[in-house]
Protein chains: 2
Amino acid sequence: MPENQIASRLIHHGKVIDVYADTVRFPNGTTAEMDIIRHPGASAIVPFLNDPRSADPQLLLIRQYRYAAGGYLWEIPAGRLDPGEDPHTCAVRELREETGCTAERVEHLYTMFTTPGFTDETIHVFIATGLQRGATAHEEDEFMEIVPMSLRDALERIRTGEIRDAKTALAILYAAGFATAA
Amino acid sequence: MPENQIASRLIHHGKVIDVYADTVRFPNGTTAEMDIIRHPGASAIVPFLNDPRSADPQLLLIRQYRYAAGGYLWEIPAGRLDPGEDPHTCAVRELREETGCTAERVEHLYTMFTTPGFTDETIHVFIATGLQRGATAHEEDEFMEIVPMSLRDALERIRTGEIRDAKTALAILYAAGFATAA
């Protein structure tokens, strides 16, 4: 039972998320009921086609249909953790399934809470280098196109707001600012 | 009715979110039912205490209790849009309510989808400069402490993963990389 949880009531058990109404004790001792979306967590991966410290680093991005966003979004490869799955294993699996690539090196960069006002979802972000191309294995509800893009171009598309998926923008800015400086 | 929506069934009407099961037509013509969390959207604001282009820019951050995250998170001031509220107005209001500050200039930086796999939530990020301190007006379910922090320190806490709220890390990296270069 999570800290400060007094009670928890399942409202909806879904395919991806579970919706709960929890009774919570706040730090000042008051209690209230609040909705919480429980999610298994996910991994995402920034795939570099060449050396990220080179003069012109190249990425592999995905153009993916997102019903909730009302259209297509630019994203990095990502997906939910299988039950008991290690985030690193998940990142490698999603990279292979969504882009067909395997990577020589996959390293953890960052872990984020996506929107902690109403969900416990975390996304673990990895960086992949030394890519080898292979066949993709999309899930049947995934509609995506794989697009090579320079890091410079991706940063410009974040600046203009064309890349507007939070995990993708954060992962690319993080990788651009920190991993390449390491 | 959103594009590609065939049907929509309300599962739960909450205080913050609404949970729907929508029947969706995907780009390849297949249909499926999927859960979607509808959210009114939010604004967030990066408050600079001095010139963001100075040698040592200073921010105002918030240390906020988040039940879904199991503890306290570092965040920038943020909150939900009131019905019909303009995102700019919301950003100014949340800055005042959460930090007690008013700002000479509030400019839009970026708009993100927080986690478009299951919610339509967007967060509009603004930058505030020319701050004047005043009294706070926290909502009763908000437990937070206001903490001045240098941009350099904030970037280091993103690098180490101590700052792990996605909107906060993304907004600070965006403001550090783009706004200060403008």
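Note that this is a predicted model, so its numbers are computed, not measured. When reading the values below, keep in mind they use all heavy atoms of this one structure, side chains included, and skip hydrogens, waters and symmetry mates.
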Handout entry: Joint cluster assignment, B:V125 & B:L151, ILVMFWY side-chain distance < 4.5 Å
Key = yes
Practice task
Answer with yes or no whether the hydrophobic clustering places A:M34 together with B:I17; edges join I, L, V, M, F, W, Y residues whose side-chain heavy atoms lie under 4.5 Å apart.
Solution key: no
Practice task
Please examine the side chains of A:I11 and B:V19, heavy atoms only from C-beta on, and report whether any two atoms are closer than 4.5 Å.
Solution key: no
Completion exercise
Assert top hit (heavy-atom pairs under 4.5 Å, partner chain B, pool A:A169, A:P27, A:A42) equals A:P27
Fill in the blank from the handout: Per-residue tally against chain B (heavy atom, under 4.5 Å) across A:A68, A:G71, A:G14 peaks at A:A68
Exercise for the section: Using the rule that two of Ile, Leu, Val, Met, Phe, Trp, Tyr join whenever any of their side-chain heavy atoms come within less than 4.5 Å, decide whether B:V16 and B:L81 are in one cluster. Expected result: no
Fill in the blank from the handout: CG (B:L173) and CD1 (A:I172) are apart, to the nearest 0.5 Å, by 12.0 Å
Handout entry: Crowding at CZ, B:R63 (>12 non-hydrogen neighbours, <6.0 Å)
Key = yes
Practice task
Using non-hydrogen atoms and a 4.5 Å limit, figure out which bit of A:A32 sits close to chain B: side chain, backbone, both or neither.
Solution key: neither
Handout entry: Positions in residues 114-124 of chain B that reach chain A, provided some heavy atom is under 4.5 Å away
Key = B:T114, B:T115, B:P116, B:G117, B:F118, B:T119, B:D120, B:E121
Handout entry: Side-chain donor-acceptor contact under 3.5 Å, B:N4 with A:Y67
Key = no
Problem - Residues that B:H13 engages under ring pair (Phe, Tyr, Trp, His ring centres under 6.0 Å), provided they are two or more places apart - result: none
Problem - Top contributor to chain B interface from A:T111, A:T160, A:D22 [non-hydrogen pairs under 4.5 Å] - result: A:D22
Problem - Single-linkage hydrophobic cluster, 4.5 Å side-chain cutoff, B:L10 and B:I36 together - result: yes
Problem - Nearest non-hydrogen partners of A:D35 and B:K15, listed with the distance - result: OD2-N, 3.9 Å
Handout entry: Contacts of A:Y110 that satisfy ring pair (Phe, Tyr, Trp, His ring centres under 6.0 Å) - sequence neighbours left out
Key = A:Y174
Practice task
Linking directly or through intermediates, with side-chain heavy atoms under 4.5 Å: list the remaining ILVMFWY members grouped with B:F113, chain and number order.
Solution key: A:L73
Completion exercise
Under 4.5 Å to a heavy atom of chain B? For A:E33 that would be neither
Problem - Which of A:E75, A:R25, A:R66, A:K167 touches chain B most, by non-hydrogen pairs under 4.5 Å - result: A:R66
Practice task
Count the heavy atoms belonging to other residues, nucleotides or ligands that lie under 6.0 Å from CZ of B:R105, then report whether that count exceeds 12.
Solution key: yes
Problem - Same apolar cluster: A:M112 and B:I37, side chain cutoff 4.5 Å - result: no
